[in-house]
Asker: 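What follows is a single structure, and I will ask about it in a moment.
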Protein chains: 4
Amino acid sequence: MSLLSDVLATLFARQSRKALPPPSERTTQELIGDILSTQGEISGLTAAAQLLDRFAQMGDDEKLAFFDHLAGDLGIEPAKVRAALDAFEADPSAAHYRRFLASAEPARQELARRLNRVPGATTQLVEMRADLLRLIPRSDARARIDLDFRHLFASWFNRGFLVLRPISWESPAAILEKIIAYEAVHAIDSWEDLRRRVEPADRRCFAFFHPAMPDEPLIFVEVALTKGTPGSVQKLLAEDRQALSAQEADTAVFYSISNCQAGLAGISFGNSLIKQVAEDLSAELPNLETFVTLSPIPTLAAWMKEEGIDPAKLDAEALKATAARFLLTAKRADGMPYDPVTRFHLGNGAYVHAVHAGADTSPKGMAESAGAMVNYRYDPDAFVENHEKFAGAQEVVASREVRALVPPPAAA
Amino acid sequence: MSLLSDVLATLFARQSRKALPPPSERTTQELIGDILSTQGEISGLTAAAQLLDRFAQMGDDEKLAFFDHLAGDLGIEPAKVRAALDAFEADPSAAHYRRFLASAEPARQELARRLNRVPGATTQLVEMRADLLRLIPRSDARARIDLDFRHLFASWFNRGFLVLRPISWESPAAILEKIIAYEAVHAIDSWEDLRRRVEPADRRCFAFFHPAMPDEPLIFVEVALTKGTPGSVQKLLAEDRQALSAQEADTAVFYSISNCQAGLAGISFGNSLIKQVAEDLSAELPNLETFVTLSPIPTLAAWMKEEGIDPAKLDAEALKATAARFLLTAKRADGMPYDPVTRFHLGNGAYVHAVHAGADTSPKGMAESAGAMVNYRYDPDAFVENHEKFAGAQEVVASREVRALVPPPAAA
Amino acid sequence: MSLLSDVLATLFARQSRKALPPPSERTTQELIGDILSTQGEISGLTAAAQLLDRFAQMGDDEKLAFFDHLAGDLGIEPAKVRAALDAFEADPSAAHYRRFLASAEPARQELARRLNRVPGATTQLVEMRADLLRLIPRSDARARIDLDFRHLFASWFNRGFLVLRPISWESPAAILEKIIAYEAVHAIDSWEDLRRRVEPADRRCFAFFHPAMPDEPLIFVEVALTKGTPGSVQKLLAEDRQALSAQEADTAVFYSISNCQAGLAGISFGNSLIKQVAEDLSAELPNLETFVTLSPIPTLAAWMKEEGIDPAKLDAEALKATAARFLLTAKRADGMPYDPVTRFHLGNGAYVHAVHAGADTSPKGMAESAGAMVNYRYDPDAFVENHEKFAGAQEVVASREVRALVPPPAAA
Amino acid sequence: MSLLSDVLATLFARQSRKALPPPSERTTQELIGDILSTQGEISGLTAAAQLLDRFAQMGDDEKLAFFDHLAGDLGIEPAKVRAALDAFEADPSAAHYRRFLASAEPARQELARRLNRVPGATTQLVEMRADLLRLIPRSDARARIDLDFRHLFASWFNRGFLVLRPISWESPAAILEKIIAYEAVHAIDSWEDLRRRVEPADRRCFAFFHPAMPDEPLIFVEVALTKGTPGSVQKLLAEDRQALSAQEADTAVFYSISNCQAGLAGISFGNSLIKQVAEDLSAELPNLETFVTLSPIPTLAAWMKEEGIDPAKLDAEALKATAARFLLTAKRADGMPYDPVTRFHLGNGAYVHAVHAGADTSPKGMAESAGAMVNYRYDPDAFVENHEKFAGAQEVVASREVRALVPPPAAA
């Protein structure tokens, strides 16, 4: 299996290792014009490579100017759109529809598609969007060009084009160093720490990749195979723990899930990732009965502060009860759960399975949630029902045990 | 190299071999509604698989009804577009732009993207478009929905996502049988005939593939390595010919190029294919000096008939002169060359290098062009200049030798 | 899985595609001397490549002369061996043992090892032994040099170095054509016939390969997945049969097993092949309960003739009884079963499961066994016991049903 | 290319990941008896797996007892050998030759071949020999059994069966950690240090692997691509150096070559490794003109001490002259060069190209050679001639420049 992953990497890597294009004397706007001109691919491809190279070397000011050009000059022209729309409404012929489609799509989308013809361009375009998000706040009107990136990327990074690849100690070092760099939940200190997460028989890691970005994981999940549901991430990751054989395990614990690409923010893969990994592990290890997360509650401490609850005064049981109450009842103005991790997993059809005190005693864990963590459980038989309850009545589904921790609301 | 190709095939093949979804009791329109509902991926993915399966089993009448539903109910709503456009023009904020983009894109595009989340769906969507093109003439207003397919496919099958794979006798039989089936120019009779085209040291074949359709070549080109430029396809393909070693060859002859997917009509790959193959062959075989086609002239006989020229009365030299005159001077109403093959190669920056009589003596060759063929030459140093002449003044660039066959036009 | 196979092929293929060595002016004996001289690898490697090339172009007379040189001049020298043995017996030191080993191994073994340093040489050495077996009868004293080949090949083709590869319609055409060529039991007529054996969901094929001969299957087995044990090979291979899904099958039928390399005669792989295939299929398809062959009885007709039994006078039941009696009681002088196929499968721990009349109605089947065939069953739980009975008392273990067909021997 | 390497690893890795055999109640000698009995593979294979497992868990005393059993009971029987030899001498028939061969090969060789049928056994047998070499000094008569291991391994690890694999930052971490562990010349401190040796465009690393030990490099060489011949290993490996592009380099420097497997001591691969790497690099980078080592002189300091030369009193030029004199004139009793590295490279056909003072200023470099190093040059055109001079007259071939450093010997 790890073979297939390496293969894909190499396959596309081969294609992208090409010489740099000759530098160009043309201005950036002239290069854009060359790329978009209908004179064809021949000179356009060179201009595209030159533009990508030049962008990579721009300072932030120049990048801002570039984005402003995209926003100002390569957008839609309302008058043209209106005229095409009128004609289409009068006569919905194919020719009129073509004209409408052409007018309603800004030139910057076509620009991105043409840039993407250059080998290796996909990675560079994702980085371009990361720059855009970094330089222009979403509240800014100029941020509208991000919607074009997002629209393209949603099409290019469609689930059907992604490949799930296991990450192991057999994976290329060039991939593994990115796992170290991107781990967002429980930091990886060193290669030895990484090895403890991917080499033992009871540890797994999986990532989604796109064929055109074979060296870049898009999102990855770390999994521990255990007997029973764990309630402490420090125990789960202890250096001196004894590994199980995979066959002995009855539970798969998704204890960390990290997005890797700032330039793909808002393009969601996490839902598919957990489900496909659960499916693949089930097929490989029929003894697995339970699929749960061991998740942080990153906003619990902030909420307790708002509520005037002093975590220092809570014993373990009281903290569990408080965490349970928070998870089940604390809502945003729109009725959705307060905690983003809750929103993510409940939105996927999971439910709140158990809460634990003393579960993450790292400084980060203590600061964010006074050490509390939660297991969200993925039960394929209940996905649809859970999801409907959540999507409809915004109900946070929970196990009987967790519900028992939360006193019923006083009668009105 | 052929390794890489096989690998890709296997990689994706693994992902697509999944069980069929359970059959659904919902109507097709209800399934479409489920897929497009915002209730999320969970039930949507099953509905998508069900819809694809159902479509595969529809008769033509049902397919037509399905396309009519796409055309009628899943298009844009002009009033909504106009309102969104007005708001955007008044205040070009990101929020207004988002609303405009959402309104200007028909729901059927989002439907296709969601269908494509199903493993193996890309091939099925390409086949769906093939059905559409077969069932609804382009002149029909309902054919406007094809523009949405085309728009999506242009994005999905962007050059940057395609992989060039050599096809050889080491390739999987499952791929080779498709080469036999799709060869459009000089039919392949049998596995032995195929072997003669891909196994000898002086024969090559290359195809573009898309990672999500690894068993389906999109377009392929057959190449003969020769000493000098050949003037007869029968000699080139003779069963008893003696193979050269690749190192002896000075010329690469593109003697057949075939599109494979009816559902990708109008999504152009041919230009890139010839150029990348020429580049790769150059790198591998530095002795290669000349890159030419040995091309049919499929409309020559038809034009001669229009012009009242009886091919039976022409000797070889006269046929060559006629063919040269045809290629250089016969134009459509829009000023473009009469012959589609000429348009294709000149559009790529090639030029007319030589014409031959008695070059394709097969019944098809005799019927189409009285046996005449043409070499278009790809000279990287002259691409841009040739292309500019053609794209600008619609001039059919030709070698001195060919031009000498055509008498100068009489003075006005 | 078929990926892995293709990969291996390509990997080694790459290594062997090297230029030919320059032709040599030296005589064959001089070349052998160069290769064996202790002056080292440098000139030796070129000489080795030259010798292999020269051998490939020799006529049979020259090959015989070459083998005679191996037999006459490159053997052991008894006097030397005796001296070394005496010294070792007097003082079994490492130095004396080294001298003994050196003297007791003929120079032709070292020659073969040195020849094998040339890329691609392993295949050529296997072909060299095929020539040897063809040219020199085993009864000939000169055939002793074959024992050296055999000794080396038993070491090189040790089970631990072989790779089991599935053969499918996804396999390279270059491998598949060899399956067509080597099938020894039920001939494959055409590519379509081959496809029927490897493409349907209920058909499998597996081969052993050696890493240094990646394009050359050593032995392969064809498997049909069925419901119940089949009693007719024509039905099993019928063109118009309906394929099962692999999950529906409860039985795996090994209906053909073919050795591919004449030069590896006597190096046994068949036992391991059947067992490993059975193990792999079990792991993939837990529904499989029964592993049987559908085997010819190639010497039945000859034996019936010896016994004066006229097959034309037997009805189906009588033929079954005769076949059962033959299988269970007909013995060679050494007490082993008369039929070689029986010896092979019983030697592997299988037992006679069922016999069938009208099971192979091809001309070959009628001529060899009047159409009778036999299922040998591989039951992992009974391997050791069956094998001990066979290896010890030479008992042909059979099912109760088969035993019931054979009348008990009359009392003495 | 690195693809192919990873693939091989995965391919065989898959085959070796099997369950452990059940533990056995039989004694070690009984297990050996079971393995060697002619009763066949069936029970023998299980016994072989059990014996390998048991050996892996033995303490040194038990291992010694095991080796003593091999030495004492599984050797040749001189009387039998003599009888077989007599018979063969009287009548050199194939049958007599077979009997002789059988008697002249000790049972422990067949034992090793049968053990090797177990998946993964090759690695374990190599480790078994490493234990043997560690526990029994070569001078010990019991060490004679090592000759049998050596004989088998020379056959199994024949050059024709080895695969050259590039090692890069794309290689599996599981391989890279072994490069860190096995580097014997210039220690690798950390993963970052490793990365500096394999990732930059002007650094390469290659290893030989055996297909049956895909995770275990046998020997590897580290290469720096440079402009001109370097004279300091610290400069070559400086952390802050600027990498060249591979195309700019004119010289390939083999600056470290390390054997990895103690159990393969005496099975020589180094010669082939350097030559094949030089050949492959030449093909990839036609600008490379010079292939040299940057080698330690590990015995220089010891020799200077013998000669009463105090390195502290030598300036750079004097140290160079002393080193040159040492390399060219210091000989062992058998006339071979004093320094083992000199013997290795001269034996391969290289010659002494240049000597440098201040070239390895590490503590190890100062202690061994007062900081001096040497370039041995590999010039394909002079291999044979150099080698003949060295193999014949034991002449240490050197460049004019180096020879000029050494005063001619005084007339007798």
Side-chain angles (χ1 to χ4, degrees), chain A residues 4 7-8 10-12 14-15 39-43 75-76 78 81-82 85 88-89 92-94 96-98 100-101 104-105 113 116-119 121-122 138-141 143-144 146-148 151-152 154-156 158-161 163-164 211-212 271-272 347-349 383-384 387-388 391, chain B residues 4 7-8 10-12 14-15 39-43 75-76 78 81-82 85 88-89 92-94 96-98 100-101 104-105 113 116-119 121-122 138-141 143-144 146-148 151-152 154-156 158-161 163-164 211-212 271-272 347-349 383-384 387-388 391:
Chain A
L4 297 173
V7 156
L8 200 68
T10 314
L11 174 57
F12 280 88
R14 269 192 70 252
Q15 304 212 326
Q39 297 287 341
E41 260 184 54
I42 293 159
S43 47
I76 57 166
V81 182
R82 193 171 287 114
L85 185 64
F88 174 71
E89 202 169 23
S93 69
H96 284 152
Y97 188 54
R98 178 199 304 267
F100 168 73
L101 282 182
E105 191 189 73
R113 278 195 295 268
N116 193 47
R117 289 176 187 161
V118 177
T122 311
R138 293 210 180 198
S139 55
D140 195 313
R144 65 176 173 269
D146 179 47
L147 292 163
D148 293 303
H151 181 265
L152 272 179
S155 198
W156 289 353
N158 190 292
R159 171 66 193 91
F161 298 143
V163 186
L164 184 69
N271 173 7
S272 301
N348 288 346
F383 278 168
V384 174
H387 185 265
E388 275 171 9
Chain B
L4 297 174
V7 157
L8 200 68
T10 313
L11 175 57
F12 281 88
R14 269 191 70 252
Q15 304 212 325
Q39 297 288 341
E41 260 185 54
I42 294 160
S43 46
I76 56 166
V81 182
R82 192 170 289 112
L85 185 64
F88 174 71
E89 201 169 21
S93 69
H96 284 153
Y97 188 54
R98 178 198 304 268
F100 169 73
L101 283 182
E105 191 190 73
R113 279 195 295 267
N116 194 49
R117 290 176 186 160
V118 176
T122 311
R138 292 209 180 200
S139 54
D140 195 313
R144 64 177 175 269
D146 179 48
L147 292 164
D148 293 302
H151 181 264
L152 273 179
S155 198
W156 290 353
N158 189 293
R159 172 65 194 91
F161 297 142
V163 186
L164 184 70
N271 172 6
S272 300
N348 289 344
F383 278 168
V384 175
H387 185 265
E388 276 172 9

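All heavy atoms count here, side chains included; hydrogens, waters and symmetry mates do not. Here the structure is a predicted model, which is why all the values come from computation and not from measurement.
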Asker: Roughly how far, to the nearest 0.5 Å, is the CH2 atom of A:Trp156 from the CZ atom of B:Phe161?
Answerer: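 If we round to the nearest 0.5 Å, B:Phe161:CZ and A:Trp156:CH2 are 5.0 Å apart.
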Asker: Between B:Leu152, B:Val118, B:Asp140, B:Ile76, which shows the greatest number of heavy-atom pairs under 4.5 Å with chain A?
Answerer: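 The residue among B:Leu152, B:Val118, B:Asp140, B:Ile76 with the greatest pair count is B:Ile76.
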Asker: Taking the side chain as every heavy atom from C-beta outward, state whether B:His151 and A:Glu105 have any atom pair closer than 4.5 Å.
Answerer: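 Side chain of B:His151 against side chain of A:Glu105, heavy atoms only: contact under 4.5 Å found.
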Asker: Side chain from CB out, backbone as N, CA, C, O: work out which of these in A:Thr122 comes under 4.5 Å of a heavy atom of chain B, or both, or neither.
Answerer: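 Contact with chain B involves the side chain of A:Thr122 alone.
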Asker: Check side-chain contact (heavy atoms from CB on, under 4.5 Å) between B:Ser93 and all other residues, then give those that pass, not counting sequence neighbours.
Answerer: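 side-chain contact (heavy atoms from CB on, under 4.5 Å) list for B:Ser93, sorted by chain: B:Asp91, B:Ala95, B:His96.
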Asker: Going by side-chain contact (heavy atoms from CB on, under 4.5 Å), name the residues that satisfy it together with B:Leu147, two or more places apart in sequence or in a different chain.
Answerer: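 Per chain and number, B:Leu147 pairs via side-chain contact (heavy atoms from CB on, under 4.5 Å) with A:Tyr97, A:Arg98, A:Leu101.
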Asker: I need the minimum non-hydrogen distance between B:Ala212 and A:Gly160, along with the two atoms involved.
Answerer: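 Smallest heavy-atom distance, with atoms named: CB-O, 4.4 Å.
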Asker: I'd like to know if the side chain of B:Arg159 and the backbone of A:Asn116 have a donor-acceptor N/O pair within less than 3.5 Å.
Answerer: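 Looks like no, no N/O pair under 3.5 Å.
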Asker: Which bit of A:Ala104 is near chain B, if near means a heavy-atom gap under 4.5 Å: side chain, backbone, both or neither?
Answerer: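 Interface part for A:Ala104: both.
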Asker: Can you tell me which portion of A:Asn158 sits under 4.5 Å from chain B's heavy atoms? Options are side chain, backbone, both or neither.
Answerer: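 Just the side chain, heavy atoms under 4.5 Å.
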Asker: When heavy-atom pairs shorter than 4.5 Å are enumerated against chain B, which of A:Ala141, A:Pro78, A:Ser139 gives the highest number?
Answerer: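 Max contact count across the listed options: A:Pro78.
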Asker: Using side-chain contact (heavy atoms from CB on, under 4.5 Å), reason through A:Arg82 and B:Glu89 one step at a time and then give a plain yes or no.
Answerer: CA-CA 11 Å; A:Arg82 193 171 287 114; B:Glu89 201 169 21; 2.9 Å; yes
